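Counting begins at 1 with the first residue of the sequence. Note that the structure is predicted; figures quoted are calculated from it, not measured.
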Amino acid sequence: MSFVEYSEFIQEGDVVIIFLGHDSMMPIKVEAGAQTQTRYGAIRHSSDLIGRRFGSKVTCSKGGWVYVLHPTPELWTVNLPHRTQILYTTDIANITLMLDLKPGSIVCESGTGSGSLSHAILRTIAPSGHLHTVEFHAQRAEKAAQEFKEHKVAHLVTVRNQDVCKEGFGVVGVADAVFLDIPSPWEAVTHAKKAFKRKGGRLCSFSPCIEQVQRTCEALLEQGFEEICTVEVLQRVHDVRSVTLHLPDFGPEDGGAESAKMASEEVLLAANSSHPSVTCRTATAPREMAGHTGYLTFATKPRG
């Protein structure tokens, strides 16, 4: 099992996603002899998981069942242990696209945090790319390095515990892309510029406050970055449901006594029967949604 290569069968040491429902999942590490308790009963790793195919339907000890899924960056994002605030798939998809990431790309990232974006980057740049990720907090850096090893992607990533604003990324002249998710990204712009290859590349900075965006854009301009733009991605999920619409009664087409008589007869008829209506399927917008997520600032480091 690897987060960048798909396996067919579950093996001891793998991380799997237990799917109990669309709003209920949990990651577990498969260990011989171990058990995992769910609301449907216990899952015995040796007999229920090891050797089974990913995607299998597993019956628990109480008779209920779950699906055992292969881990992906998207599933990990909604199941990972939160050490910091994380980026979600909506922003991650835009970041990997706008940074022009592809197999073989060299990426510098700060900070590592809970590793949500890191896993998506690793899948995109595998098998020959490399991620240099910097985390200021020592325990978070250690935990991230441990997770990369357990997920069998450690050969694609180097984790450094240092202050990117003072010490940089630990590499110079190697990056095709740089990502910043730190409180003061403008202080790291100079180090980001040094990390890029001579041919240049793309930079992205994530910030929740517009004041951070303004200072970052000023620093990018001072360092000669071009094509600077800031976007915010808001996702709105529509519910598809059946609705019943009453057909309107526009009254008689012509005036006159005869029409009035027909109209009165129709009123009496409508009073004694259900109002004409039609049922159809439609999409309805949510009543509430997030009004702000974060700002993504993109820029290009030109050649030279």
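- No hydrogens or angles considered: nothing links the side chains of Thr297 and Ser205 as a donor-acceptor pair under 3.5 Å.
- Within a 6.0 Å sphere centred on NZ of Lys197, heavy atoms belonging to other residues, nucleotides or ligands number more than 12.
- Val172 belongs to no hydrophobic cluster, as no Ile, Leu, Val, Met, Phe, Trp or Tyr side chain comes under 4.5 Å of its own.
- For the pair Ser61 and Arg44, the minimum side-chain heavy-atom distance is below 4.5 Å.
- Although no hydrogens or angles enter the test, the distance criterion places a donor-acceptor pair under 3.5 Å between the side chain of Gln162 and the main chain of Gly168.
- From Leu101, atom CG reaches atom CD1 of Ile106 across 11.0 Å, with rounding to the nearest 0.5 Å.
- In terms of modelled atom types and a separation under 3.5 Å, the side chain of Lys152 and the main chain of His155 share no donor-acceptor contact.
- Under the 3.5 Å distance criterion, the side-chain polar atoms of Arg241 are left unmatched by any main-chain donor or acceptor of Thr284.
- A search for ring pair (Phe, Tyr, Trp, His ring centres under 6.0 Å) contacts involving His191 returns nothing, not counting sequence neighbours.
- Qualifying side-chain contact (heavy atoms from CB on, under 4.5 Å) partners for Val278, counting only residues two or more places apart in sequence or in other chains: Leu245, Leu247.
- With rounding to the nearest 0.5 angstrom, the CZ atom of Phe9 is 12.5 Å from the CG atom of Asp14.
- Counting Ile, Leu, Val, Met, Phe, Trp and Tyr side chains that sit under 4.5 Å apart, directly or through other members, Val213 shares a hydrophobic cluster with Ile210, Tyr295.
- Here the side chain of Thr77 pairs no donor or acceptor atom with the backbone of Tyr88 at under 3.5 angstrom.
- Screening residues 86-113 for salt bridge (Lys or Arg N to Asp or Glu O under 4.0 Å), with sequence neighbours left out, gives Asp100-Lys102.
- Heavy atoms of other residues, nucleotides or ligands lying less than 6.0 angstrom from CZ of Phe136 number 12 at most.
- Applying the salt bridge (Lys or Arg N to Asp or Glu O under 4.0 Å) rule to pairs touching residues 121-136 yields Glu74-Arg123, Glu135-Arg140, sequence neighbours excluded.
- The side-chain heavy atoms of Glu150 and Gln146, taken from C-beta on, include a pair separated by under 4.5 Å.
- No path of Ile, Leu, Val, Met, Phe, Trp and Tyr side chains, each step under 4.5 Å between heavy atoms, connects Leu180 with Leu296, placing them in separate hydrophobic clusters.
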What do the steps show when you test His137 against Thr112 for side chain to side chain contact (heavy atoms under 4.5 Å, CB included), and what is the final call?
CA-CA 9 Å; His137 193 277; Thr112 312; over 6 Å; no

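- Rounding to the nearest 0.5 Å places OG1 of Thr89 at 8.5 Å from CD of Gln235.
- Applying the ring-ring contact (aromatic ring centres under 6.0 Å, His included) definition to pairs two or more places apart or across chains, none involves residues 158-190.
- Put simply, the side chain of Asp239 does not reach to within 4.5 Å of the side chain of Pro286, judged on heavy atoms.
- For the side-chain contact (heavy atoms from CB on, under 4.5 Å) test, no residue two or more places apart in sequence or in another chain qualifies with Ser128.
- To the nearest 0.5 angstrom, Ser114 atom OG is 8.5 Å from Gln85 atom CD.
- Put simply, CD1 on Ile121 and CG on Leu117 are 3.5 Å apart, with the number rounded to the nearest 0.5 Å.
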Tabulate below the donor-acceptor pairs under 3.5 Å that side-chain atoms of residues 17-37 make, not counting sequence neighbours, or state none.
residue, atom, partner, partner atom, Å
Ser24, OG, Arg39, NH1, 3.4
Thr36, OG1, His45, NE2, 2.8

Side-chain donor-acceptor pairs under 3.5 Å in residues 216-229, sequence neighbours left out?
residue, atom, partner, partner atom, Å
Thr216, OG1, Gln212, O, 2.8
Glu227, OE1, Thr300, OG1, 2.6

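- Counting only heavy atoms from C-beta outward, the side chains of Val15 and Met1 approach each other to under 4.5 Å.
- For Glu232, the side-chain hydrogen bond (donor to acceptor under 3.5 Å, both in side chains) partners are His292, not counting sequence neighbours.
- A donor-acceptor pair under 3.5 Å is formed between the side chain of Thr38 and the backbone N or O of Tyr40.
- Contacts classified as ring-ring contact (aromatic ring centres under 6.0 Å, His included) and involving residues 57-77 (residues at least two apart or in different chains) are given here: Phe3-Trp76, Tyr6-His70, Phe54-His70, Trp65-Tyr67, Trp76-His119, Trp76-His151.
- A 4.5 Å side-chain heavy-atom check between Pro81 and Glu147 finds at least one atom pair inside the cut-off.
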Please test Lys193 against Leu203 for side chain to side chain contact (heavy atoms under 4.5 Å, CB included), starting from the C-alpha separation and ending with a verdict.
CA-CA 9 Å; Lys193 183 178 180 180; Leu203 176 143; over 6 Å; no

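- Under the 4.5 Å side-chain heavy-atom criterion for grouping Ile, Leu, Val, Met, Phe, Trp and Tyr, Ile95 is connected to Leu156 within one hydrophobic cluster.
- What you find for Thr279 and Ser242 is that their closest heavy atoms are CG2-CB, 4.4 Å.
- Following chains of ILVMFWY side-chain contacts shorter than 4.5 Å, one cannot reach Val164 starting from Leu87, and the two form parts of different hydrophobic clusters.
- Leu234 is listed as a side-chain neighbour of Thr293, based on a closest heavy-atom distance under 4.5 Å.
- Around atom CD of Glu5, no more than 12 heavy atoms belonging to other residues, nucleotides or ligands sit under 6.0 Å away.
- By the rule that hydrophobic residues join a cluster once side-chain heavy atoms approach within less than 4.5 Å of another member, Val4 and Ile125 end up as members of one cluster.
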Between Val171 and Cys108, does the side chain to side chain contact (heavy atoms under 4.5 Å, CB included) criterion hold? Intermediate values first, please.
CA-CA 9 Å; Val171 292; Cys108 290; 3.7 Å; yes

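- Contact annotation: the side chain of Val68 never approaches that of Arg52 to less than 4.5 Å [non-hydrogen atoms, C-beta and beyond].
- Rounding to the nearest 0.5 Å gives a distance of 9.0 Å between CG of Leu99 and OG of Ser105.
- By the rule that hydrophobic residues join a cluster once side-chain heavy atoms approach within less than 4.5 Å of another member, Val153 and Leu131 end up as members of one cluster.
- Val157 has its side chain out of reach of Ser118: every pair of non-hydrogen atoms, C-beta onward, lies at least 4.5 Å apart.
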